[in-house]
Amino acid sequence: MKNLSVLSISMLLLFSACQTEVAPPVAVGPVPNENQLAWHEREQYAFIHFTTNTFTGLEWGYGDESPSIFNPTAFDAEQWVTVIKEAGLKGLILTCKHHDGFCLWPSAYTEHSVKHSPFRDGKGDVVKEVSDACRKHGLFFGVYLSPWDRNFAQYATPEYITYYRNQLTELLSHYGEVSEVWFDGANGGNGYYGGARENRNIDNRTYYDWPNTHAIVRKLAPRAMMFSDAGPDIRWCGNESGFVGETNWCTLSVDTLHPGKSTIDGLLNSGTEGGTSWVPAEVDVSIRPGWFYHETEDERVRTPENLLKLYLESVGRGSNLLLNLPPDQRGLIHENDVKALREWKQLLDATFSNNLAAGAKASADTYRGKSKQYAAAGVTDGNEETYWATDDQVQSGRLEIDLGAPQTIRYVLVREYIRLGQRVRQFNVEAWKDNAWVEIAAGTTVGHKRILPVEAIETSKIRVNITDAGACPLISTVEVY
């Protein structure tokens with residue numbers, strides 16, 4: 001009887017615990033897949049524009065450039081990758097073929113490539129050297145393959161699509177893991193086209209038959225993210241100036257979009273609340289005025305302060321930053337660019353190295369089912385998998401962070417738990433000053449990461465107020481700098 005009594009009590013306790021367990025929130029709208037979640041965590045990486053344009057001074061080669069002009073005398077992929085890694089960038093995307101059609105690898109499908117250049121006596125392969133260097137130094141590697149080709153004689157015919165897919169297959173089969181594939185929206189217009197020297201226009205809605213091209217990527221590089229104006233995995237931000245909208249939804253309805261479609265820049269910049277797919281924005285911008293190296297721009301490299309501004313208006317608004325670093329005619333990232341990158345990294349480290357809210361006491365006016373699992377402590381514990389949440393019917397709430405002592409703050413960082421969707425429409429931040437709460441910043445969307453700059457203020461407490469959300473808010477992080 002004694003054993004039975006103990007067993008009965010144990011069962012009652014277990015039953016009681018089950019009765020008080022609080023169900024987690026359900027996902028709302030489209031959510032990121034595992035590849036997209038990994039992409040969000042990369043946050044910033046390099047773009048490398050390098051081709052015959054580097055030697056002609058052009059931005060868009062016409063397609064008739066001789067491979068003999070491609071002759072970087074001191075090419076060093078190790079230098080690129082070392083500079084990129086020291087700058088805190090997580091990888092690079094290489095323009096393996098730009099609009100001029102010149103290939104940085106010895107493609108079996110064209111003679112317009114490095115195999116007919118002086119580079120490495122015609123035996124060189126830029127793609128291989130760069131991809132190998134990335135793997136050696138722990139950076140991810142991505143490829144840019146221009147859908148437009150101003151050199152190929154059969155461009156604008158069905159034969160070109162076969163050619164394009166053959167080249168895509170080469171890049172995805174011979175250079176190790178590819179983490180991102182970049183499809184440019186520029187396509188169709190005047191070009192050399194094998195000597196025709198004419199204007200060729202295509203219907204960019206149908207010509208490339210994108211679904212079947214995407215299928216090649218899914219098969220050969222299943223973890224690769226695909227970029228274009230219309231996704232399918234990540235979208236363009238709508239400009240090349242280095243910013244995404246202050247309101248930035250990761251959701252978009254892509255059924256009416258296609259690469260190169262005009263008049264969609266604003267839509268891409270802000271996304272669409274209630275969109276049917278998770279298609280976050282990537283912000284592509286160059287460290288110089290041009291995408292390719294031009295000696296005349298050596299004194300026009302972005303300053304560290306400007307690069308910090310780009311970071312705040314891209315990563316700080318829930319997008320990823322793709323920063324172009326064009327190698328010079330030696331085949332090296334120029335000293336001026338290297339200097340700016342190093343000073344930018346120092347500025348980033350100085351700005352965001354000391355999270356004043358790490359481990360700080362946090363409280364909330366409400367939390368889900370009064371369960372500790374969803375209490376405010378989840379936003380300052382340094383664990384991105386814990387989060388504060390409200391009950392389903394509660395779509396607003398307040399989080400208070402006690403900094404322990406007066407601190408001068410300049411930035412507040414907030415993250416949503418995006419595994420279950422993007423929800424926040426409106427929020428603000430207040431600081432405790434002169435025995436009253438004073439608003440110091442406000443925003444709309446949050447997403448993967450939102451960084452709000454504030455006027456320097458000394459305070460011992462801050463409060464994040466979620467004033468409107470499409471469903472119960474889920475906040476995984478609040479940081480203060």
Check whether any side-chain heavy atom of [X] lies under 4.5 Å from a side-chain heavy atom of [Y], and answer yes or no.
X	Y	answer
Ile93	Val181	no
Trp182	Leu145	no
Leu89	Leu325	yes

Just checking, is any N or O donor in the side chain of [X] or [Y] under 3.5 Å from an acceptor N or O on the other one?
X	Y	value
Ser460	Asp402	no
Gln407	Tyr481	no
Asp184	Ser146	no

Salt bridge between [X] and [Y], side-chain N to carboxylate O under 4.0 Å?
X	Y	result
Lys309	Glu313	yes
Glu41	Lys90	no
Arg223	Glu180	no

Practice prompt. Determine, stepwise, if the pair His448 / Gln422 fulfils side chain to side chain donor-acceptor pair (under 3.5 Å).
Written response: CA-CA 9 Å; His448 168 70; Gln422 188 177 4; over 6 Å; no

Worksheet item: Can you check side chain to side chain donor-acceptor pair (under 3.5 Å) on Glu400 and Trp432, steps first, answer last?
Response: CA-CA 10 Å; Glu400 186 175 317; Trp432 185 251; over 6 Å; no

Worksheet entry | Option from Arg288, Arg302, Arg300 for which salt bridge (charged side-chain N to carboxylate O under 4.0 Å, His left out) with Asp337 holds |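 With Asp337 as partner, Arg288, Arg302, Arg300 yield a single salt bridge (charged side-chain N to carboxylate O under 4.0 Å, His left out), made by Arg288.
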
Before we go on, tell me: are the rings of [X] and [Y] under 6.0 Å apart, centre to centre?
X	Y	value
His98	Tyr144	yes
Phe183	Trp210	yes
Phe141	Tyr175	no
Tyr387	Tyr417	yes

Item to complete: List the steps, then state whether ring-ring contact (aromatic ring centres under 6.0 Å, His included) holds for Trp60 with Trp148.
Response: CA-CA 11 Å; Trp60 283 11; Trp148 185 20; 5.4 Å; yes

Which atom pairs, one a donor and one an acceptor, fall under 3.5 Å between side chains of residues 338-346 and the rest of the protein, sequence neighbours left out?
unit_1	atom_1	unit_2	atom_2	d
Lys339	NZ	Glu343	OE2	2.7
Trp344	NE1	Leu307	O	3.4
Lys345	NZ	Asp349	OD1	3.2
Lys345	NZ	Asp349	OD2	2.8

Using the six-membered ring of [Y], assess whether NZ or CZ of [X] lies under 6.0 Å from its centre and within 45 degrees of the ring axis.
X	Y	result
Lys370	Tyr367	yes
Arg463	Trp437	yes
Arg235	Phe227	no

Practice prompt. Take Asn248 and Ser319 through the test side chain to side chain donor-acceptor pair (under 3.5 Å) and record every step on the way to the result.
Written response: CA-CA 8 Å; Asn248 176 29; Ser319 293; 3.0 Å; yes

Item to complete: Return the set of residues passing side chain to side chain contact (heavy atoms under 4.5 Å, CB included) with Pro280 (not counting sequence neighbours), or none when no residue passes.
Response: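 Checked Pro280 against side chain to side chain contact (heavy atoms under 4.5 Å, CB included); matches are Gln36, Trp39, His40, Ile234, Cys250, Trp278.
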
Discussion item. Taking side-chain contact (heavy atoms from CB on, under 4.5 Å) as the criterion, tell me which of Thr380, Val429, Val464 meets it with Ile401.
Written reply: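 Exactly one pass, corresponding to Thr380.
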
Item to complete: For the residue pair His49 and Phe292, categorise the inter-ring angle as parallel (less than 30°), tilted (30 to 60°) or perpendicular (more than 60°).
Response: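 The arrangement is perpendicular - the two ring planes meet at more than 60°.
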
Worksheet item: In terms of the angle between their ring planes, are Trp80 and Phe50 parallel, tilted or perpendicular, with boundaries placed at 30° and 60°?
Response: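 Rings of Trp80 and Phe50: perpendicular, as their planes differ by over 60°.
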
Item to complete: Apply the test side chain to side chain donor-acceptor pair (under 3.5 Å) to residues Arg165 and Thr213: give CA-CA distance (whole Å), side-chain angles for both, the deciding distance (0.1 Å), then the verdict.
Response: CA-CA 7 Å; Arg165 290 174 177 166; Thr213 299; 3.0 Å; yes

